[in-house]
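Written out below as structure tokens is the structure these notes cover.
Just the heavy atoms: all of them, side chains too, but no hydrogens, waters or symmetry mates, feed the values below.
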Amino acid sequence: MDDANPVAGPSLWRHADFLKLWSAQTISAFGARVSREGLPLAAVLTLQAGPGALGVLAALSRGSGLIVGVLAGGMVDRSRRRTIMIASDLIRAGLLIAVPVAALLHHLTLWVVYAAALAVGAASVLFDIADQAFLPSLVDTSQLVDANGKLAATDGMAELGGPAIAGGLVQLLGAPFALAVNAATYLASALFLGSLRKVESPAEVDAEAAAPTRFGDLVAGFEALTADPVVRAIAIVVLVQNLFGGVFSALYLVFAIRGVGLAPGVLGLTIAMGGIGALIGAALGPWLARRLGIGRAAALTTLGWGLGLVFIPLAHGPVVEGTAWLMASQLVGDAFGTAALVGLTSLRQARLAPQVMGRAGAALAAAGGALAIIGALGGGALATVIGMRAGMWIAVAGFSAAGVLALASPIRTAR
């Protein structure tokens with residue numbers, strides 16, 4: 001697959017099935033921001049959770065990839081990916097309804113929030129694995145960067161409007177009841193996915209894995225990730241980011257609310273700045289890929305992603321000043337981060353065979369989930385000893401190191 005060119009191809013505006021997939025992800029992306037902010041806000045504002053409890057919550061939410069990666073990779077490769085995506089949407093909708101129901105019955109506890117985070121996180125990882133495996137069968141290889149750029153633009157729009165909507169809903173309805181809105185978006189996404197005409201061909205299913213074992217699927221996934229030097233380098237970079245991303249997940253919300261003094265509504269607006277950055281990055285990624293080459297563009301933007309996060313631990317002083325620092329990080333970090341993800345994801349999709357795409361994604365999710373658990377639990381525990389700001393500096397250093405690794409690896413010269 002080395003000669004594949006995932007940079008330029010026919011316009012996707014006339015690709016009916018891609019437009020339906022795009023619509024489904026647009027709707028669910030907005031809703032997902034509600035649960036991403038709503039679950040930890042429910043823990044902080046309703047249940048008075050501290051950094052340690054949020055570390056556990058982040059570990060469960062991000063670490064669910066470990067469970068799904070071990071169990072589901074082979075299933076994705078041997079099944080219709082669209083069916084898995086629809087089922088994941090329906091599962092997430094049902095699970096999120098449980099939180100406001102528990103609140104109505106006065107049975108909402110941290111354990112309920114933990115269980116919802118774990119289960120929704122697992123279903124989301126399963127959806128993402130199937131989605132990334134499905135996209136290369138839906139569009140031509142030459143359209144991958146364009147497709148991933150458009151999907152990233154959707155995420156940027158959701159990041160722009162979603163957190164503000166989430167903050168407003170939390171203030172209006174309370175964090176638990178805001179999650180019901182997210183459940184409705186997943187139902188709408190499932191309806192759009194159900195309308196796709198695309199049927200995956202037998203060539204896109206691994207016929208040799210008729211009698212699989214969980215261990216065998218995981219081994220096959222890691223073999224696929226390590227066989228190609230570019231894919232192997234991408235996997236290493238992503239795993240480093242998962243480790244230190246776990247630290248961010250454990251600390252960011254509580255740092256913004258208690259360390260900087262942001263109210264939920266202001267926090268939503270601050271995170272929404274990341275949406276503007278993501279929209280910039282969605283256009284920046286394909287543009288840089290055309291001008292610098294996809295590998296060099298992916299490596300440089302990965303480094304920029306880490307450096308853009310420096311503004312977070314620098315946030316200090318009055319609330320207005322601290323908010324400005326956090327907004328700067330959202331804008332710059334998300335711009336480079338989105339551009340990097342467009343390049344790294346497109347490269348991996350172009351260089352992996354479709355028959356192993358699911359197991360490769362699952363192996364990466366399993367390893368990334370394990371490291372995210374370590375990062376989240378370690379970050380939450382570390383913050384209680386050295387403080388939240390020092391924990392943030394450690395996370396920034398880790399993300400920046402991932403960018404240095406990308407520049408020094410075969411990613412930089414990949415085509």
By ring-ring contact (aromatic ring centres under 6.0 Å, His included) - contacts of Y252 (at least two apart):
none

Please list, chain by chain and in numerical order, all residues satisfying ring-ring contact (aromatic ring centres under 6.0 Å, His included) with F192, sequence neighbours excluded.
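So F192 forms no ring-ring contact (aromatic ring centres under 6.0 Å, His included) with any residue.
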
Check the orientation of F399 and F248. Use parallel for under 30°, tilted for 30 to 60°, and perpendicular for over 60°.
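Plane angle over 60°, so perpendicular.
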
Polar side-chain atom of [X] near backbone of [Y] as donor-acceptor pair, under 3.5 Å:
| X | Y | result |
| --- | --- | --- |
| D334 | A278 | no |
| S346 | G343 | no |
| Q349 | Q132 | yes |

Output the distance between atom [atom1] ([X]) and atom [atom2] ([Y]), rounded to the nearest 0.5 Å.
| X | Y | atom1 | atom2 | answer |
| --- | --- | --- | --- | --- |
| R290 | D146 | CZ | CG | 8.5 Å |
| S23 | L196 | OG | CG | 9.5 Å |
| D228 | R348 | CG | CZ | 12.0 Å |
| T302 | L407 | OG1 | CG | 8.0 Å |

Ion pair check, R78 and D217, cut-off under 4.0 Å:
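Yes.
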
Sequence-distant partners of [X], side-chain contact (heavy atoms from CB on, under 4.5 Å), two or more places apart:
| X | answer |
| --- | --- |
| W13 | S11, L19, W22, K150 |
| T185 | I27, N182 |
| A98 | none |

What residues form a side-chain hydrogen bond (donor to acceptor under 3.5 Å, both in side chains) with S88, not counting sequence neighbours?
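None.
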
Are N148 and T345 linked by a side-chain donor-acceptor pair shorter than 3.5 Å?
no

side-chain hydrogen bond (donor to acceptor under 3.5 Å, both in side chains) partner of D131, the single match among Q25, R81, R82
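For D131, the side-chain hydrogen bond (donor to acceptor under 3.5 Å, both in side chains) check succeeds only for Q25.
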
